[in-house]
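Below is one structure, written out as structure tokens; comments come after it.
Sequence lines set the chain letters: A, B, ... in the order given, protein chains first and strands last, and positions in each chain run from 1.
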Protein chains: 2
Amino acid sequence: MFLDLRHLRALLAIHEQGNLSQAASTLHVTQSALSHQLRALENHFDTPLFFRRSRPLRWTPAGQQLLELARHIVPEVERAESALRSTGDGQQGRLHMAVECHSCFEWLMPTLDRYRPEWPQVELDLSMGFSFHPLPALYRGDVDLVITSDPEADLGGLTYVPLFRYEMLLAVARASPLATRDWITPADLADQTLITYPVCPERLDIFSRFLGPAGVEPAQRRTAELTVMLVQLVANNRGVAALPNWALREYQDQASIHGLALGESGLWSTLYAAVRNEDRGKAYVDAFIRLARDRTAETLPGVLPAR
Amino acid sequence: MFLDLRHLRALLAIHEQGNLSQAASTLHVTQSALSHQLRALENHFDTPLFFRRSRPLRWTPAGQQLLELARHIVPEVERAESALRSTGDGQQGRLHMAVECHSCFEWLMPTLDRYRPEWPQVELDLSMGFSFHPLPALYRGDVDLVITSDPEADLGGLTYVPLFRYEMLLAVARASPLATRDWITPADLADQTLITYPVCPERLDIFSRFLGPAGVEPAQRRTAELTVMLVQLVANNRGVAALPNWALREYQDQASIHGLALGESGLWSTLYAAVRNEDRGKAYVDAFIRLARDRTAETLPGVLPAR
DNA sequence: CCAAAAACATGAATTCTTCTCATGTTGACG
DNA sequence: CGTCAACATGAGAAGAATTCATGTTTTTGG
């Protein structure tokens, strides 16, 4: 490949200015340099780009062809360059997020709505991680931030920033016999139907931190993708479900459900934002984390500041 | 503009090969060169393109952005380069034509149909020159070949290649009183309606070489864009028209029209292909001219070889 | 877990490219 | 037909990219 962006920009300048001399000065080179450049191009492709010894300048078909190419390519490259430049100073970037915790959707959306107008240059995306494991994806660079309650085996190069603490509650129908209890033991669930989000048990706190250690399995399991569906099923006494306290609180009034502590002292979790070490310190990343932590602790009922 | 096609190609190779060393060898440079290149890019934009000290290679969002750019741009440039290369050796090029002589359409189309399959790489176009003057357009580079019967005031840099000779005839209705004549004088047209293509009189042989020199004007003028329309009008005795002998011959059988010589010895013209000097010698140009000259002289009734 | 290998990084020297300078040619215009 | 502006060209200077030699890090296979 002989052709160079320098050549294309030169052609563009020549077309805009109408002659070599002026084009050269807008490009901040001498007329001689331009002349050499063109000669080299023409020699290389063995075809003239202009009709020589003729003024005003006239382009050959080959020249027009190259000019057309320049018109396509140069602006595209310039756009990419300026985008990259502002990536460097942290004003712009990509913030593709994934949530491991499904009910996080509920508080994340309002946070995103506040973030977006303040950082309009940031390319936002949010995925639920149904079909991939968020943390490896973060490591690979497919996503840039993961909301998780499980600072898992360090893949290396990841930073976990605590956002806030919340309590996992067991949602039961008010009609359920369990509803009268103050708190629940793992054994209480041995004859219950447990309704969860459709992910593997290891990624659900109620399994990994409550039932698992006690060696208990629920009588049945079924899944629901959306929190509303899950709440509906519980209200109809079709089963019980573990929900963060803030999520449960939203539905408590409308549906006849009740929240019970898991264990005597309750099952508390901390939610983290995981980012790659390299991204820590980028203005738009830190701004998001700060917003998520502070705003959420203020506005979500029932959550406590992290630590 | 710092970014260079070399950088984009390097990124593409790295993506294809998955590591610097192999990418370097496909690019025929050392691994060191690639490493320097990447370092320079990252320094310039002040943002990493890869996650360092990690294998397999992982791209940062910024890197992915640049890679995306490379994917768009590099193939486009490569296409343009190879097109240009084959322009150089005359196998490919642009052959935009304009005809000054309107009835030329009739013989040009079959010629083009023969030319096209033999030179599939040549970009063909044909315009009738209603709205511009073909020869200046040829000079400017807007078109590449002009069919004209008037090797006019040399603009410099144009070559006129004679194609063939033909006779201009006056088409009259068989019902017309003129139809009995062997040949026509300019004065005979003083009380006639003359039907022409819609171009200025100077570009019509019957004015510039027959009526003009004799100082005669037809009683009326009207125009028709298509030869069939023109023939129709003549057949209905709504006027007379000057037509090349080959064009007239085609309609003579169907419509009741008759062709008369203009002047005792007839009005003979030579048709030329005008090209820029630079294009003379290009394989695809010369091939077209040869085809137009030879095939037409053989197949068109009534035309004579040039000279 | 260690050693060997593969991949990557880096500084200095070299090679190559591209630019400028000085000057010669050519074309346009009065 | 002479003058001016635009373009061309060769030689040398400036600068950029590459290589070479070598050091560091990561992976892999025993």
Side-chain angles (χ1 to χ4, degrees), chain A residues 1-11 13-45 48-60 63 139-141 154-158 276-278, chain B residues 1-11 13-45 48-60 63 136 139-141 153-158 276-278:
Chain A
M1 183 179 303
F2 174 84
L3 207 55
D4 192 341
L5 285 182
R6 198 163 16 88
H7 294 134
L8 296 184
R9 286 203 309 148
L11 293 178
I14 292 169
H15 180 251
E16 277 162 15
Q17 302 299 323
N19 68 68
L20 293 210
S21 299
Q22 281 187 247
S25 71
T26 71
L27 293 168
H28 305 294
V29 294
T30 60
Q31 168 269 322
S32 174
L34 255 195
S35 183
H36 281 294
Q37 249 179 55
L38 293 178
R39 168 73 55 207
L41 264 185
E42 295 186 330
N43 284 346
H44 182 261
F45 290 113
L49 266 24
F50 308 97
F51 300 116
R52 293 312 169 116
R53 15 208 109 217
S54 121
R55 265 161 285 184
L57 210 65
R58 292 152 51 217
W59 297 68
T60 64
Y139 180 78
R140 284 198 307 275
D154 202 344
L155 285 160
L158 299 187
R276 289 180 296 269
N277 293 342
E278 297 88 2
Chain B
M1 184 180 299
F2 173 84
L3 207 57
D4 194 340
L5 284 183
R6 195 163 19 86
H7 294 135
L8 296 184
R9 286 203 308 149
L11 292 179
I14 292 170
H15 180 252
E16 279 162 13
Q17 302 299 323
N19 68 67
L20 293 210
S21 299
Q22 281 188 245
S25 73
T26 71
L27 292 169
H28 306 295
V29 294
T30 60
Q31 169 270 322
S32 173
L34 254 195
S35 182
H36 281 295
Q37 248 177 56
L38 292 179
R39 170 72 55 209
L41 264 185
E42 295 186 331
N43 284 345
H44 181 260
F45 290 113
L49 266 25
F50 308 97
F51 299 114
R52 292 311 168 118
R53 16 207 104 219
S54 123
R55 262 162 284 187
L57 211 62
R58 291 151 53 218
W59 298 69
T60 64
Y139 179 77
R140 283 197 308 274
D154 202 345
L155 285 161
L158 298 188
R276 289 181 295 270
N277 292 342
E278 297 88 1

For residues [X] and [Y], determine if any side-chain heavy atom of one lies less than 4.5 Å from a side-chain heavy atom of the other.
X       : Y       : result
A:Leu11 : A:Phe50 : yes
A:Phe2  : A:Asn43 : no
A:Leu34 : A:Gln31 : no

For [X] and [N], what is the distance between atoms [atom1] and [atom2] respectively, to the nearest whole Å?
X       : N      : atom1 : atom2 : value
A:Arg39 : C:dT26 : CZ    : C1'   : 13 Å
A:Leu38 : C:dT18 : CG    : C1'   : 14 Å
A:Phe50 : C:dT26 : CZ    : C1'   : 17 Å
A:Gln31 : C:dC19 : CD    : P     : 13 Å

**Message:** What residues from residues 14-21 of chain A pass a heavy-atom cutoff of under 4.0 Å to DNA chain C?
**Reply:** none
**Message:** On DNA chain C, does the nearest nucleotide to A:Gln37 precede the nearest nucleotide to B:Ala33 from the 5' side, or the other way round? Give the residue.
**Reply:**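 Taking each residue's closest nucleotide, the earlier one in sequence belongs to B:Ala33.
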**Residue mapping more 5' on DNA chain C - nearest nucleotide basis, A:His7 or A:Pro56** =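 Looking at the nearest nucleotide for each, A:His7 comes out on the 5' side.
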**Item:** Shortest non-hydrogen separation from A:Leu57 to A:Gly18 and the atoms involved
**Value:**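 Distance-wise, the nearest heavy atoms are CB-O, 3.7 Å.
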**Item:** Outermost DNA chain D nucleotides near chain B [under 4.0 Å, heavy atoms]
**Value:**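 Terminal contacting nucleotides, 5' to 3': D:dA17 to D:dT27.
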**Pairs touching residues 31-45 of chain B that satisfy salt bridge (charged side-chain N to carboxylate O under 4.0 Å, His left out), sequence neighbours left out** =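 Counting only pairs at least two positions apart or across chains, the salt bridge (charged side-chain N to carboxylate O under 4.0 Å, His left out) contacts touching residues 31-45 of chain B are B:Arg39-B:Glu42, B:Glu42-B:Arg52.
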For [X], give me all partners under side chain to side chain donor-acceptor pair (under 3.5 Å), at least two apart in sequence or on another chain.
X        : result
B:Arg276 : B:Asp144, B:Asp279
B:Asp4   : B:Arg6
B:Gln22  : B:Gln17, B:Asn19

**Request:** Look up atom CD1 in B:Ile14 and atom CD in B:Gln37, then write down how far apart they are to the nearest 0.5 Å.
**Result:**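 Those atoms lie 8.0 Å apart.
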**Message:** When you measure only distances, ignoring hydrogens and angles, does the side chain of A:Ser32 come within 3.5 Å of the base of C:dC19 through a donor and an acceptor?
**Reply:** no
**Residue whose closest nucleotide on DNA chain D lies nearer the 5' end, A:Leu57 versus A:His36** =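 The residue closer to the strand's 5' end, by nearest nucleotide, is A:Leu57.
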